[in-house]
Structure formats: C-alpha cells, structure tokens
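No hydrogens, no waters, no symmetry mates; every other heavy atom, side chains included, goes into these values.
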There are 2 protein chains.
Amino acid sequence: MSINAYDKNEIKSLSKVFKILGEPNRLKILTSLGLECRPVSAIVASTGLTQTNVSFHLRALREAGLVKPEKNGAFVFYCLPDPELREIIDRFRDWHKT
Amino acid sequence: MSINAYDKNEIKSLSKVFKILGEPNRLKILTSLGLECRPVSAIVASTGLTQTNVSFHLRALREAGLVKPEKNGAFVFYCLPDPELREIIDRFRDWHKT
DNA sequence: TACTCATATGTGTAAATACTCATATGTGTG
DNA sequence: CACACATATGAGTATTTACACATATGAGTA
C-alpha cells in the first residue's frame, strides 16, 4: 500500500505527466477522446481550437505517452494508450469534486 | 463507468489541480508528506529547498486544496487533506511505470 | 517589553510555455 | 505529375511561473 517515498526519477517523470495534463486545452483534447480513436480533424472540430494548436498539444501528449497515434491513409487517429488512463483521470475528477 | 465528456468547469478546475502537481518540487513536497502532518521546517529539511521556496509552493498546494495547514503554536503543520489523494497519485505512478 | 524562532509575503527577474502565422511534409486522386 | 486535403513544424511573441532576496507577521519566552 505504498506509503513509500518517491525517488527522484519518479518525481521527475510523474511531474512531467501532470504538467502535460495541467494545460486546460490538452486535458480537453484528452478527455474528448473517450475510448475511441479519432482523427485530428475531429478533435479540431469538437474542441473549437485551431488546427495548429491541436497539433501542438497532441505532440506534447504523444511525447508523454498520453495518446497514441495510428496512421490511416492521410489521417492520423489519436487514441488513449490504455483505458486505465481514463479511469484514473475520472477518479481524480471524482475525488476533486468532493 | 463515466465515458462521459467533461464539462468546461471540470476541465478548468481539474487542469488546475494537475498544473499544481506538475511542478517537480511541489510533487516532491506533497509526496514527502506521506500521511502524517509535518511542520514547514521539516519539509524544508527533507527536501533541501529554501524556506522561501517551500512556502511559495505550499501556498499553491494549499490554495488548490492539496494540502491542509494546521496551526500548532508558532508551527504550521501541513497534511494531505485526505488519504485518498495519495492513493490516486500512487495509482498514477503505478500506471505510468508500466 | 524585547528577543528569538517559524512561517509568509512583496518585488524583481529569468526561464518556461501557449499561441499564432506561415510554411513544410505527406497521402490520396484526377 | 498536379492538385487537394490532413497533419506537422519553425520562428516570433506574449503570458505565466519558479525562484531569490529582503522583510513582515505572528507565536513563544525571558
């Protein structure tokens, strides 16, 4: 039940993940994914952000391993790498509501 | 099991929490708390940060509801507001390791 | 009251970061 | 090949943010 301290590397890498999630538009993009993969154009449409800006944030999310790209012709579909990620974020939200 | 979209306010407030956790020294402070309350001086000692800097970050954590201050004489002890917070962070860490 | 110790805060500064514009890359189709 | 569409990237700018220094507040004690 880990009341263990976190080591340097854990702090470093975990804080990076939180920093990525800490930008509202990125969190919006991520949560807009739900569990299905969606092309960038759909994300642009649903978030109302510019294409450039969506690409900018998708890069950050991708490099942090928080989304996974899948090429399909000229399209790139983005997905959550793992449904558990969504569960954890949901749990955070539920906790935060309290 | 919430594949619901997040509304604007949820995105806004939840991303604030993540942003706070996204700063390495803040995450270090928070995880150094474990489950017991500790005075600022102990946090300064264990993190190696300056007193000013610890106070600076504690304020951010406090305002985000991520730590809870308890006055005791001249000392201020800081605690997690809720043990579940630590569990969720731990779960994030475990997920991220994978 | 005067002094010490614990913590907080105001101001300034350097670094990080989100965003936009313009353009590049890459894919399918005529 | 030429063109249209989907996505990515480089450069520049404005805002945000972490940090240090000096100082303030506030509690305990002589």
Side-chain angles (χ1 to χ4, degrees), chain A residues 8 11-33 36-81, chain B residues 8 11-33 36-81:
Chain A
K8 264 188 197 171
I11 293 288
K12 206 171 165 187
S13 64
L14 188 54
S15 66
K16 269 182 198 153
V17 170
F18 283 134
K19 178 167 289 181
I20 296 299
L21 296 173
E23 209 291 317
N25 286 331
R26 272 196 295 262
L27 188 58
K28 193 178 190 180
I29 290 171
L30 195 71
T31 56
S32 83
L33 284 182
E36 328 79 44
C37 301
R38 306 179 69 205
V40 177
S41 50
I43 300 172
V44 169
S46 77
T47 57
L49 303 173
T50 64
Q51 182 268 319
T52 300
N53 200 15
V54 169
S55 261
F56 173 78
H57 286 307
L58 279 175
R59 191 225 278 249
L61 288 163
R62 189 192 334 127
E63 289 178 350
L66 293 168
V67 296
K68 199 180 47 152
E70 281 182 9
K71 297 199 79 164
N72 186 338
F75 291 78
V76 181
F77 285 71
Y78 278 90
C79 323
L80 294 184
Chain B
K8 264 188 197 172
I11 294 287
K12 206 171 165 186
S13 65
L14 188 53
S15 65
K16 267 181 199 156
V17 171
F18 283 134
K19 180 167 287 182
I20 297 297
L21 296 174
E23 210 290 319
N25 285 332
R26 271 195 297 261
L27 188 59
K28 193 178 189 179
I29 290 171
L30 195 71
T31 56
S32 85
L33 285 181
E36 328 80 41
C37 300
R38 308 178 68 205
V40 177
S41 51
I43 299 172
V44 169
S46 76
T47 58
L49 303 173
T50 64
Q51 183 267 320
T52 299
N53 200 17
V54 169
S55 260
F56 173 78
H57 287 308
L58 279 174
R59 190 226 279 248
L61 288 163
R62 190 195 329 129
E63 288 178 353
L66 293 168
V67 297
K68 200 179 44 150
E70 281 181 9
K71 298 198 80 165
N72 186 337
F75 290 79
V76 182
F77 285 70
Y78 278 91
C79 325
L80 294 183

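Checking the phosphate oxygens (OP1, OP2) of D/dT7, no side-chain nitrogen or oxygen of A/R59 falls inside 4.0 Å. Here A/H57 does not reach the OP1 or OP2 of C/dT17: none of its side-chain N or O atoms lies under 4.0 Å away. Within the structure, every side-chain polar atom (N or O) of A/Y78 is placed at least 4.0 Å from both OP1 and OP2 of D/dA6. Taking side-chain N and O atoms only, A/K19 has no distance below 4.0 Å to OP1 or OP2 of D/dT17. Neither OP1 nor OP2 of C/dT27 sits under 4.0 Å from any side-chain N or O of A/N72.
Atom CG in B/L21 sits about 12 Å away from atom P in D/dA18, given to the nearest Å. Spacing between atom CZ of A/F75 and atom C1' of D/dA8 amounts to 15 Å, rounded to whole angstrom units. Atom NZ of B/K16 and atom C1' of D/dT17 are 15 Å apart (whole Å). Rounded to an integer number of Å, the gap from B/K71 NZ to D/dA27 C1' is 8 Å. In this structure, B/E63 places its CD atom 14 Å from C1' of D/dT17, rounding to the nearest Å. Rounded to an integer number of Å, the gap from CG of A/L58 to P of D/dA8 is 7 Å.
Among the nucleotides C/dC19, D/dG26, D/dT7, the one closest to any side-chain atom of A/N25 is C/dC19. In this structure, of D/dG26, D/dT7, D/dA8, it is D/dA8 that holds the atom nearest to the side chain of A/R62.
Annotation: of the two residues near DNA chain C, A/G73 and A/L49, the 5′-most nearest-nucleotide partner is A/L49.
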- Query: Stepwise, does the side-chain contact (heavy atoms from CB on, under 4.5 Å) test hold for A/Y78 with A/V76?
  - Reply: CA-CA 6 Å; A/Y78 278 90; A/V76 181; 3.6 Å; yes
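Atom NZ in B/K8 sits 7.0 Å away from atom NZ in A/K28 (nearest 0.5 Å). Expressed to the nearest 0.5 Å, how far SG of B/C79 lies from CZ of B/R38 amounts to 11.5 Å. Of the inter-residue distances, the one linking A/L30 atom CG with A/N25 atom CG reads 12.5 Å to the nearest 0.5 angstrom. With rounding to the nearest 0.5 angstrom, the CZ atom of A/F77 is 10.0 Å from the CD1 atom of A/I43. Note: B/S46 OG to B/L33 CG = 8.5 Å, rounded to the nearest 0.5 Å. To the nearest 0.5 Å, atom NZ of residue A/K16 and atom CD of residue B/E23 are 13.0 Å apart.
Of all heavy-atom pairs between B/P24 and A/S15, the closest is CG-OG, 3.6 Å. In terms of heavy atoms, B/K19 sits closest to A/G22 at CE-O, 3.1 Å.
Each of B/T31, B/V67, B/L61 was compared with B/R26 under the side chain to side chain contact (heavy atoms under 4.5 Å, CB included) criterion, and only B/L61 meets it.
Residue contacts for A/F77: at a heavy-atom cut-off of 4.0 Å it reaches no nucleic acid atom on any strand shown. Looking at heavy-atom distances under 4.0 Å, B/S41 makes contact with sugar-phosphate atoms alone, never a base.
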- Dot-bracket assigned to DNA chain D with the 3.5 Å Watson-Crick/G-U criterion, [ ] for crossing and | for other-strand pairs, is ||||||||||||||||||||||||||||||
What pairs of nitrogen or oxygen atoms, one from the protein and one from nucleotides 20-23 of chain C, lie under 3.5 Å apart?
{"residue": "C/dT20", "atom": "OP2", "partner": "A/T50", "partner atom": "OG1", "Å": "3.3"}
{"residue": "C/dA22", "atom": "N6", "partner": "A/T52", "partner atom": "OG1", "Å": "3.3"}

